[in-house]
Protein chains: 2
Amino acid sequence: MRISELSRRSGVPNATIKYYLREGLLPPGRATAQTQAEYDDSHLRRLRLIRALTGVRGLSVAAAKQVLDTIAEEDQTDTHHVLGLVFGVWPSGSSKPETADGQVPVECPETDALVDAMGWTVSTYNPARQVIDRTLETLRSLGMEQDWRSLLPYAELAARTARLDLDQLETLKDPLEKAERAVLLTFVLEPALMALRRLAQEDESIVRYGESPSLAALQPGRRRADEHE
Amino acid sequence: MRISELSRRSGVPNATIKYYLREGLLPPGRATAQTQAEYDDSHLRRLRLIRALTGVRGLSVAAAKQVLDTIAEEDQTDTHHVLGLVFGVWPSGSSKPETADGQVPVECPETDALVDAMGWTVSTYNPARQVIDRTLETLRSLGMEQDWRSLLPYAELAARTARLDLDQLETLKDPLEKAERAVLLTFVLEPALMALRRLAQEDESIVRYGESPSLAALQPGRRRADEHE
DNA sequence: TATATTAGACAGTACAGCTACCCAATATCC
DNA sequence: GGATATTGGGTAGCTGTACTGTCTAATATA
C-alpha cells in the first residue's frame, strides 16, 4: 500500500506519517521508485503501536522511539535478553532519570535495600531504581517520613503484578512477538492499572468513610471484604 | 517571608513563582502594600507540592492546578467527600478523558462489567472508567484479545493497593491534611509503583527465562517463591 | 537620601508535535 | 501518449506549554 492508504487505514494524517518516518519511529517503506514507496501491514501495526504509546499512554515521540528501537534492535533469539531490554527501558518523558543514556549506574541506596529485602535480582542500570529513590526523597521533603520499608507491601503487590504480566507472555513463542507484547503490557497497560487503583481507592474510601458525594443511591451496609453482592 | 526568600527556600526561580501565581497554582500572599506581599510556610509547602506533581510525576501545570484546586475547594469537613473528590480527579495530561470537565458520564461498558464483578461502588463520573475502556480498545486493536475479564486479577491487586493507601490516611485527623496526603499517595506515588512493577518484571523475567544480560554475576539456583535469601 | 527589592504586567524564548507547502518524479486514466 | 492526480522528500510555519526576562512604580533598607 502507499502512504495515503496507510493514512486512511490508521487514521493518522499523511503529514504525521511523514513526520514519524523522518523521526525514525516508522521504518521507511520499500522504495519502488524515486517518488514511490510500498508499505505493508507491519507498517500499519507499527503505526498503531506508536499511537498507543503516544496517545493513551502519553509518551513523548522521543520516548516512544526509544521503546520501539529496543524491540527492534539486538538479536531476537534470547527471550530473557529481549525482555530484559524492554523492562529496562525507561520512557524519558515524565519522571525520567537524569542520565539520558543510563550508561552509568546511579547510587540508589533505598532501592538497593528494597531490592535486597525482596530478594530480587535487577540490573544496577535499570532506571526504575532512580525513580523510586527520587520519589521517596520527594515524599520526605513534603513531610511524609517514608523510607523503603514503607514500600515493601507495595513491592509485594508489584511482584504479583509482574507474575500476571509474564504469564501472558508464556503463550507466545516468536521472540519478536513476545517483545512487542511485553511493550504493550509494560507501557500501554500502565494507565489502566493506575485507573484501577483509582477506582479501588474510591470504593475503599466509600467503604471506610461513607458514601461518595457523586453517587445518589448506594446499597446500604457495604462489606469490608471482597465478595460480590 | 517575601518572594525572594520563598524562591531561595524552595529552589524555584523567582520568575517561575510569579508564573505560578499568575496561573493560580499558588495562592497570592498577604499584600502588605501595593508592591509588597507576605508569604508563609503554607506557600512554601504548596510550592513543593506543585514541583512534586509537575516534576517527579510529570503532570502539566494545568493538571496540577486541577488537582490542587480539588483539595482546596468545597467543605473540608467530610472525609469521604474530600477523598471522593481527590480520587475522582484525573490529571488531564497523559491519557486524559475526552470530556474536559467530566460533567457527562461516558459509556464504559467494560468498566461497568469489571466494577460490577469486583463488587465495587464507584461514581459513574470517575474519569478512570474511560481510561480502562479506552486502553482495552487500544490493546484489542493491536491484536491482544483482551476484555475486562483479563483485568480481574489486576483489579484484585489494585484493591489491595488501595487498602494500603487508605491505611496510611487513617493516622491523620485533619481533613485538609488528609486530602493533601491522599494527593501525595495517589499521584506522587504512581511513578514509584510503576517502577516497582518494572523491577519486579525484570526479576521475574530472570527467574523464568535466565539471567539478565546486564548483570555479570548472579547467585545460581533462584527460587520461584518470595522468601528472601 | 541612596540603593535594593518587590508586585504586577507583558513580551520573548525554547522546545515539542505536528501541519502546510513546494517540487520533481511517477502513476493512472482516457 | 497526454492530462491529471499522487507521491517522496524537504523545509518552513504553526500552536501550545512552560517558563524567562524586562520594565515600571512603589516600597523597604542602609
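Naming: A, B, ... by sequence-line order, numbering from 1 per chain. Just so it is clear, the structure is predicted and the values come from calculations on it, not from any experiment.
Note on B:P13: only backbone sugar-phosphate atoms sit closer than 4.0 angstrom, heavy atoms only; bases stay farther off. Looking at heavy-atom distances under 4.0 Å, A:A15 makes contact with a base.
Residue B:T35 places no side-chain N or O under 4.0 Å from the OP1 or OP2 atom of D:dT24. The side chain of A:Y20 contributes an N or O atom lying less than 4.0 Å from OP1 or OP2 of C:dC18. OP1 and OP2 of D:dT17 both lie 4.0 Å or more from every side-chain N or O belonging to B:Y19.
The side chain of B:A33 sits closest to D:dA28 out of D:dA28, C:dC18, D:dT7. Counting only heavy atoms from C-beta on, B:S4 has its side chain closest to C:dT5 among C:dT5, C:dG17, D:dA26. Distances from the side chain of B:I3 to the nucleotides C:dC10, C:dT6, D:dT7 place C:dT6 closest. Candidate nucleotides C:dC18, D:dT27, D:dC19 were compared by shortest atom distance to the side chain of B:R51, and D:dC19 ranks first.
Spacing between atom NZ of B:K65 and atom P of D:dA18 amounts to 13 Å, rounded to whole angstrom units. In this entry the distance linking CZ of B:R2 with P of C:dA4 reads 15 Å, nearest Å. Whole-Å rounding puts the B:L26 CG to C:dA7 C1' distance at 14 Å. Between B:K18 atom NZ and D:dT20 atom C1' there is a gap of 11 Å when expressed in whole angstrom units. Protein atom CD of A:E5 is 14 Å distant from nucleotide atom P of D:dT6, rounded to whole Å. Per the geometry, CG belonging to A:L21 stands 12 Å off C1' belonging to D:dT7, to the nearest Å. Put simply, CD on B:E38 is 14 Å from C1' on C:dT5, counting in whole angstrom units.
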*Under the side chain to side chain donor-acceptor pair (under 3.5 Å) criterion, do B:Y19 and B:N14 qualify, and how do the steps go?*
CA-CA 9 Å; B:Y19 167 65; B:N14 207 298; over 6 Å; no
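Both B:Y39 and A:Q36 sit near DNA chain C, but only B:Y39 has its closest nucleotide nearer the 5' end.
Going from atom CZ of B:R134 over to atom CD of B:E110 covers 14.0 Å, rounded to the nearest 0.5 Å.
Tested against A:Y20 for a side chain to side chain donor-acceptor pair (under 3.5 Å), the candidates A:R46, A:R51, A:H43 yield a single pass: A:R51.
Nearest heavy-atom pair, A:L25 versus A:V61, reported as atom, atom and distance to 0.1 Å: CD1-CG1, 3.3 Å.
Looking at B:R22, its side chain comes within 3.5 Å of the base of D:dT20 through a donor and an acceptor atom.
Both the sub-6.0 Å distance and the 45° axial angle are satisfied by A:R198 relative to the ring of B:F187.
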